[in-house]
Amino acid sequence: MKRHFRRPLLAASLLATLAAPPLFAANDLPSLGTVAESALPQAEENRIGRDILRSLRGDGDVIDDAEVNAYLADLGGRLAAGAQLPGMRFAFFAVNDRSINAFALPGGVIGVHSGLLLATQSEGELASVLAHEIAHVSQRHLARMQEGEGNRQLLMLAAILAGVLASNASNGDVSAGVINAGVGLAASRQLAYSRDFEREADRIGMQYLTAAGFDARNMAGFFDRLQQTHRHNDNNAFGFLRTHPLTGERVSEAQNRAQGYPLRMRADSSDFLLMREKLRLATLGAAEAERHYRTALAAGRFLQPGATYYGLARALLQLGRHDEAQQALASAQRQLPPHPALLLLGGDIQRAAANLDGALARYQQALQQFPSNDALWLANIDTLLQARRGAEARQQIELALKRTPDNAALWRLAARSYGEGDALRYHAALGHAFYIEQEFESARIQYQLASRAGGDDFYLRSTVEARLREIDSQHPARPR
């Protein structure tokens, strides 16, 4: 169950984050550096976005799934490449929420509600929304909104964001209270981007969309469908229409603009089809998802039958019906080409049935086919630790870290493999995990514990001390 009772705390943390003193220290896109930088320095914008993301993670709404994260990072990265912002590190994440929404935080942090993915009828539609949000970031719209307003504008923006997130808990009282408390009607009027900014994000986002190989018509088509559906079902499910208001004129402009781009027929990737169903399960829960899939298969209503069987298999696995899950997975594999998500699920079923050797055999076979898949590495290592095969697990961790040294989940598995019997490596590994996630206070604590632990690993101690000096200089401890 989602922990919506923490929403007021999230609102307070957002306001505190944004009230903190600033840390000043070849296409046809407009040059906005001078204007936006004077309103909100890029370094400060990056800090704000990461701080808000940490608050969202702490609230328990961010979906922490290696497969979903990898898909969004890949799709978002392909779209963001069109923005040509080499200094910008975009971060894409999914929010477990049924409402149809997406939002761009300062610093290139872009959130997508699971409800949005379920509302899309093609990968191109999802890509169009991400491209639109990327355009808000590349054009520095949040910074430009703040120009001339100082911190007052940004404080209002923080309260509004908190209110929008609170409203998705189907708690109108909390939402209204957060939006109106201390900021008044002026803040609520700033809920939406300006009309000019929305049009600019449509125009620039369409360029990113087509540069990534998608059909420009996906953007106008999805927006038009949302608008038409909203007219007949005016409820809180359409958060995107509140934060990104659509008008008939704007949809028409997008439709006309799309005609200037070539028509592209592009099949949905298996990644999109499978991760969409994985998010459906996270959103609905296992019992409701099973009913959905049974009904969809009986009526023939789905984007792809194999993806529907995959979702059913995942739901049955959560319900503890392992044999039925294996049968549904077999049906999915007959309908889809080989895919790491299908092989991962096969191992997960064996693991849930307490067949650890069988699970490891499947994970390791899958890694031979897909050696760069993070989710398979994590599952294999986690199962080795569960089977008390710590030496093998540490060997696999070392191999995986050579490939992806900035994977926080791997460092947490490394900490488990050492245990508190090796305090130096245990705390250092946890410190690395927190550091990668930019949880600098937690990283500081773990590094301090590591520095006081016994052990004669000179290189590791040097790394820990260097990280402590860096954190102390760049992220001073906040007074209590």
Side-chain angles (χ1 to χ4, degrees), residues 63-74 269-271 273-275 277-278 281 306-307 309-318 320-419 422 425-426 429 432-433 436:
I63 294 175
D64 185 16
D65 183 282
E67 288 184 301
V68 172
N69 292 340
Y71 171 63
L72 290 177
D74 178 68
S269 71
S270 294
D271 289 335
L273 293 167
L274 295 175
M275 293 309 100
E277 299 313 318
K278 201 169 191 184
L281 177 59
Y309 277 113
Y310 167 82
L312 176 61
R314 278 255 170 232
L316 291 167
L317 173 59
Q318 281 196 18
R321 291 149 60 184
H322 305 140
D323 290 342
E324 292 178 71
Q326 185 60 55
Q327 292 172 8
L329 173 60
S331 297
Q333 290 174 315
R334 286 193 291 270
Q335 300 280 348
L336 289 165
H339 192 278
L342 300 175
L343 299 177
L344 177 68
L345 177 53
D348 290 350
I349 293 171
Q350 293 300 313
R351 186 178 178 186
N355 182 4
L356 299 186
D357 289 340
L360 287 168
R362 283 164 172 76
Y363 294 144
Q364 290 162 8
Q365 182 182 12
L367 280 168
Q368 292 177 3
Q369 293 180 254
F370 302 98
S372 63
N373 186 273
D374 287 343
L376 286 170
W377 277 100
L378 293 171
N380 185 54
I381 294 167
D382 195 30
T383 308
L384 284 170
L385 290 172
Q386 185 181 354
R388 301 185 182 278
R389 293 160 64 175
E392 292 176 67
R394 281 189 290 275
Q395 184 181 44
Q396 292 297 303
I397 290 168
E398 289 177 8
L399 291 173
L401 285 172
K402 287 179 181 178
R403 190 178 61 83
T404 55
D406 59 349
N407 188 316
L410 274 175
W411 283 112
R412 284 196 167 83
L413 288 173
R416 275 181 55 198
S417 76
Y418 295 122
D422 188 343
R425 290 178 175 80
Y426 172 79
H432 294 338
I436 290 166

**Request:** Before giving the answer on salt bridge (Lys or Arg N to Asp or Glu O under 4.0 Å), spell out for Glu277 and Arg314 the whole-Å C-alpha distance, their side-chain angles and the decisive distance to 0.1 Å.
**Result:** CA-CA 9 Å; Glu277 299 313 318; Arg314 278 255 170 232; over 6 Å; no
Looking at every heavy atom in both [X] and [Y], which two are closest together, and how far apart are they?
X: Ala429; Y: Ala415; answer: CB-N, 3.8 Å
X: Ala332; Y: Gly306; answer: CB-O, 3.3 Å
X: Asp271; Y: Tyr71; answer: CB-CD1, 3.5 Å
X: Leu344; Y: Ala379; answer: CD1-CB, 3.6 Å
X: Ala328; Y: Tyr309; answer: O-CB, 3.6 Å
X: Ala409; Y: Leu378; answer: CB-CD2, 3.8 Å

**Request:** Check step by step if side chain to side chain contact (heavy atoms under 4.5 Å, CB included) holds for Leu336 and Leu274.
**Result:** CA-CA 10 Å; Leu336 289 165; Leu274 295 175; 3.7 Å; yes
**Request:** Walk me through it: do Leu410 and Ile381 pass the test side chain to side chain contact (heavy atoms under 4.5 Å, CB included)?
**Result:** CA-CA 9 Å; Leu410 274 175; Ile381 294 167; 3.7 Å; yes
Atom pair [atom1] ([X]) and [atom2] ([Y]), whose distance is rounded to the nearest 0.5 Å:
X: Leu345; Y: Lys278; atom1: CG; atom2: NZ; value: 8.5 Å
X: His339; Y: Glu67; atom1: NE2; atom2: CD; value: 7.5 Å
X: Arg389; Y: Ser417; atom1: CZ; atom2: OG; value: 14.5 Å
X: Asp74; Y: Asn69; atom1: CG; atom2: CG; value: 12.5 Å
X: Leu329; Y: Tyr310; atom1: CG; atom2: OH; value: 9.5 Å
X: Arg412; Y: Asn407; atom1: CZ; atom2: CG; value: 10.0 Å

**Request:** Hey, can you tell me if Trp411 and His432 have their rings parallel, tilted or perpendicular (30° and 60° cut-offs)?
**Result:** perpendicular
**Message:** If we check side-chain contact (heavy atoms from CB on, under 4.5 Å) with Leu385, which of these qualifies: Arg416, Gln396, Arg394, Glu392?
**Reply:** Arg416
**Request:** Please list all pairs passing the salt bridge (Lys or Arg N to Asp or Glu O under 4.0 Å) test where one or both residues lie in residues 368-380, with sequence neighbours left out.
**Result:** Asp374-Arg403
**Item:** Inter- and intrachain pairs under salt bridge (Lys or Arg N to Asp or Glu O under 4.0 Å), touching residues 332-343, at least two apart
**Value:** none
**Neighbour count above 12 (heavy atom, 6.0 Å) for Asp64 CG** = no
**Prompt:** Counting heavy atoms not belonging to Gln335, are there more than 12 under 6.0 Å from its CD?
**Reply:**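 Result for CD/Gln335: enclosed.
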**Message:** Does any part of the side chain of Thr404, heavy atoms only, come nearer than 4.5 Å to the side chain of Trp377, both counted from C-beta?
**Reply:** no
**Item:** Residue pairs involving residues 350-366 (criterion side chain to side chain donor-acceptor pair (under 3.5 Å); sequence neighbours excluded)
**Value:** Asp348-Tyr363, Gln350-Asn355, Arg351-Asp382, Arg351-Thr383, Arg351-Gln386, Gln364-Asn380
